[in-house]
Peer 1: 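Structure incoming, see below.
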Amino acid sequence: MILLKTTVKDLYSRFEEFSGKEITLFGWIRNNRAQKEFGFINLNDGTFFETIQVVYEDAMENFKEIQKFRVGSALQVKGTILVTPSMPQPFEIKATDIELMGDSLEDYPIQPKRHTREFLRENAHLRPRTNLFSAVFRVRSILTYAIHTFFQERNFVNVVAPLITASDAEGAGETFKVTTLDLDRLPKSDDGEIDYKKDFFQKKANLTVSGQLQAEAFALAFKDVYTFGPTFRAENSNTTTHASEFWMIEPEIAFADIFDDMQLAEDMVKFIIDYVLKRAPEEMQFFEKFVQKGLLNKLNKVVTSKFVRVTHKEAVDVLLSADVEFENMPGYQEDLATEHEKYLVKHFDGPVFVIDWPKDIKAFYMRLNDDNETVAAMDLLVPGSGELIGGSQREERLDYLEKRMSEMNIPKDELWWYLDLRKYGGCKHAGFGLGFDRMLMYLTGVENIRDVIPFPRTPRNCEF
RNA sequence: GCCUAAAUAGCUCAGUCGGUUAGAGCACUUGACUGUUAAUCAAGGGGUCCUAGGUUCGAGUCCUAGUUUGGGCGCCA
């Protein structure tokens, strides 16, 4: 008899074909219910969200031992597939041989019961074995592929932006310093300042906070490009939507304006939602049932609806006329507070683009509108994850850009190469940044960014 | 960084007004059980009540400080 080495995923996709066949499976025990003359093991082999039920009987020579196999143990199971249409599970495996490949000690922390997210965060090395995190991290993988698929199908070129940069000018927050200097004995120059000439790169260096500026350089060669990589912020942010290390997707498109940019963002969001819904139905059902009621409805609606677009001024008008007592007063020259974002997505009942922001609260590279007051920036706000996308048309006019950099104290000498892009074939172009982890939160309904990142880094937390 | 709440068994939690030996469910160990679905039933083992001070005859319980964690806000994406 040939024993087919197979996976649970394979079995679920075509179990009728396996009916009566002998197979070999490897996996881990999720639950073991032993009775006097037989017992049941729910086995998960990691290839599929669902478990397979293994039936064992006292005719097996190691029956007594099998009865005592604990949750978490690794097994090799040989047996025959039985189709069981009248049972809660569509099929099961009747074991002929079960071998313990790796015991799980008595103090295994993961039990067949509900755990708090906080406890599982402290056991980040074990939590992918739970239903929730199994679903989250498989969807994370599928989401990665969805994003690459979307851009590759549209002939975008993937650019890897550097993770170490010498530019401190991107203005996107506090950076982690990168140095090989001995911090206990820093070399000083004559004026008492730290002598970075002695450092590895002979200048100050830090981890990137954004790959956008480098992506622009490639967009002006390849027309349509995207980055997909990690980025680092050293802010002391303690919220459910911030991490010190997170991933961003930053498309950059040449010969395109802010409206092309929004269209791209909307198409992308719709594509990846649709993609994940089709590729991970079991996981998405689980989120709907146990994480966020109404999730599938919400996502299906996003796929089929047109995203609302309002100007910043219109958004503030909505807020000012709202019958709500805001802690922060909305203002025409002010950024939107979290409570404002929440109100807007609720008011418009779905994702909202806010465009044409006051220039003084936005970055130096955003293109000045003809009113001289606002810039061609857009934020996409979504329920639950806040600002999912932030983007803009870039200032391609050299004189405008230089003026803006002077006004905002951005050092032009460090960004000489960025200015070069405006001197040599500069053209209108635009792009945006998508917070990958926030997108995953939106897709799964999981409300804390620490629960969609395998080993999250946040202030005071760098375990694992 | 600010505000706020919490910290008791491996996990999730009770613990009255400050008063004898700190409890339950799950997990674990032992046993029962002829189809279980987070099985069920019985018994057993398991505690630095976050840390350091303080009040008191007596503190898991009250007070002070700290640590960590959750939530909200800010910074930011």
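Letters go in sequence order (proteins before strands), and every chain restarts at 1.
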Peer 1: Using ring centroids (six-membered ring only for Trp), state whether A:Tyr12 and A:Phe91 fall under 6.0 Å.
Peer 2: yes
Peer 1: Figure out the CD/P separation between A:Glu387 and B:G74, and round it to whole Å.
Peer 2: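 A:Glu387 atom CD is separated from B:G74 atom P by 13 Å.
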Peer 1: Check the phosphate of B:U69 against A:Arg117, side-chain N and O only, distance under 4.0 Å to OP1 or OP2. Yes or no?
Peer 2: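 No.
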Peer 1: Strictly below 4.0 Å: does A:Asn123 bring a side-chain N or O up to OP1 or OP2 of B:C11?
Peer 2: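 Result: no.
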Peer 1: Has A:Asn236 got a side-chain N or O lying under 4.0 Å from the OP1 or OP2 atom of B:G1?
Peer 2: yes
Peer 1: In whole angstrom, what separates A:Asn44's CG from B:A38's P?
Peer 2: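 Nearest whole value for this atom pair: 14 Å.
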Peer 1: Using whole Å, report how far NZ of A:Lys289 lies from P of B:A38.
Peer 2: 9 Å
Peer 1: Decide if the gap between the ring center of A:Phe326 and the ring center of A:Tyr343 is smaller than 6.0 angstrom.
Peer 2: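 Here the rings of A:Tyr343 and A:Phe326 have centres that are less than 6.0 Å from each other.
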Peer 1: Does B:G1 have its OP1 or OP2 closer than 4.0 Å to a side-chain nitrogen or oxygen of A:Ser237?
Peer 2: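 Answer no for this pair, as no side-chain N or O of A:Ser237 is under 4.0 Å from OP1 or OP2.
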Peer 1: To the nearest Å, how far apart are A:Lys94 NZ and B:U36 P?
Peer 2: 17 Å
Peer 1: Any side-chain N or O of A:Lys36 below 4.0 angstrom from OP1/OP2 of B:C33?
Peer 2: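 For A:Lys36, the contact criterion (side-chain N or O under 4.0 Å from OP1 or OP2 of B:C33) is met.
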Peer 1: Just N and O in the side chain of A:Arg233: are any of them under 4.0 Å from OP1 or OP2 of B:C75?
Peer 2: no
